[in-house]
Amino acid sequence: MTMRVYPDSQSLAVAAAKQTITLLRQAITDTGSGIWVLAGGSTPLEAYQVIADRYIDAIDWSKVTILLGDERIAPLDSADSNWHQIEQALLRQISKANLLRPRSDLPLAEAVDDYRLTLEQLTSNDEGYPIFDVVWLGVGDDGHTLSLFPGHPQLDDATTLVLPVEDSPKPPNQRLTLGIGALKASKHLLVLASGHAKSETITKATESIDLPIARAVKAVNESGGQVTWLFDKAAASQLP
Ligand code: 6PG
């Protein structure tokens, strides 16, 4: 496990962008294609913008498959839609990529089934877990990641690839999310967190206190994937 601290959120975003492009290029060299799972939230958005500004021509996007770790049930063009926000920052510039958008315009149960089928069609390991080359995860102030919230039952499901959430404490309340199990065959996990509000949570998570982000990290670690935490100074300010 690697931990890196940057002076501010912009330099964190540049580092995340650079590392991701390097990893995807390596995946394309090694296997002919790469799979990248995106994260919603504000910290990753800065990094999408960096890729759009600096790295659009650095990679053959037609060889990259893109998924989203969690999505809010909302109209496709709504500001609540994670995909829509990322589309504005980056995805509309890389339309050659294989863009696997969750059908968050469908009723929740249908959207979950649809995304589960999408994941099941990806290359998987012997146990049926999709092989992701790069996964980005954000961290909520309460330690949630994806739409897996502290104390919620979805967190204890270690095998289902995509789960419904009816009562997210962070609005909108209906979401679909990858489960912890979906991360088990991930090769590289990048956890992105910036800002003072996350500093206590980050410290707990890196000390393996049982928070959703810590469980996600553990799942990737235990199955041999590499985990890199990327913090800005503010988020890292309470680390020992
Ligand atoms: C969501 C996100 C969520 C996010 C964290 C951190 O849909 O709400 O996917 O998991 O990554 O809440 O978000 P911030 O970076 O905005 O704090």
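Indexing begins at 1, ligand by ligand and atom by atom, following the structure's order. This structure is a prediction, so every number in the text was calculated from the model and none was measured. The chain is numbered in sequence order, starting from 1.
Near N82, the atoms of ligand 1 lying under 4.0 angstrom from a non-hydrogen atom of the residue are 1 (C), 7 (O), 9 (O). In summary, the atoms of ligand 1 found under 4.0 Å from a heavy atom of T43, numbered by their order in the structure, are 15 (O). If you number the atoms of ligand 1 from 1 as listed, the ones under 4.0 Å from a heavy atom of H144 come out as 3 (C), 5 (C), 10 (O), 12 (O). Taking every heavy atom of L146 and a limit of under 4.0 angstrom, the matching atoms of ligand 1 come to 3 (C), 10 (O). In the vicinity of S42, heavy-atom distances shorter than 4.0 Å reach the ligand 1 atoms 14 (P), 15 (O), 16 (O), 17 (O). For ligand 1, the atoms sitting less than 4.0 Å from at least one non-hydrogen atom of R72 are 1 (C), 7 (O), 8 (O), numbered in the order shown with element in parentheses.
At a heavy-atom distance under 4.0 Å, no atom of E71 approaches ligand 1. With a 4.0 Å cut-off on non-hydrogen atoms, D141 does not touch ligand 1 at all.
Contact record, L192 with P44: CD2-CA, 3.9 Å, taken as the closest heavy-atom pair. Closest approach of A185 and P130 over heavy atoms only: CB-O, 3.4 Å. Between L189 and V220, the shortest heavy-atom contact is CD2-CG2, 3.9 Å.
Considering backbone and side-chain atoms alike, D70 places an N or O below 3.5 Å from some N or O of ligand 1. Residue R175 has at least one nitrogen or oxygen atom sitting less than 3.5 Å from a nitrogen or oxygen atom of ligand 1, judged on distance alone.
A salt bridge is defined here as a Lys NZ or Arg NE, NH1 or NH2 lying under 4.0 Å from an Asp or Glu carboxylate O, and R215 with D210 meets this definition. Remark: R116 does not engage D114 in a salt bridge, criterion side-chain N to carboxylate O under 4.0 Å.
Protein heavy atom nearest atom 11 (O) of ligand 1, with residue, atom name and distance: G40 O, 3.2 Å. Closest to atom 17 (O) of ligand 1, if we only count protein heavy atoms, is K198 NZ, 2.5 Å. Among all non-hydrogen protein atoms, the one lying nearest atom 6 (C) of ligand 1 is V139 O, 3.4 Å.
The number of heavy-atom neighbours closer than 6.0 Å to CD of E200, taken from other residues, nucleotides and ligands shown, is 12 or below.
Looking at A197, A39, G41, it is G41 that brings a heavy atom closest to atom 13 (O) of ligand 1.
In this model, a donor atom of one side chain and an acceptor atom of the other lie less than 3.5 Å apart for S9 and E46. Checked by atom type, the side-chain pair T177/Q154 shows no donor-acceptor distance below 3.5 Å.
To the nearest 0.5 Å, atoms OG (S104) and CD (E71) are separated by 4.0 Å.
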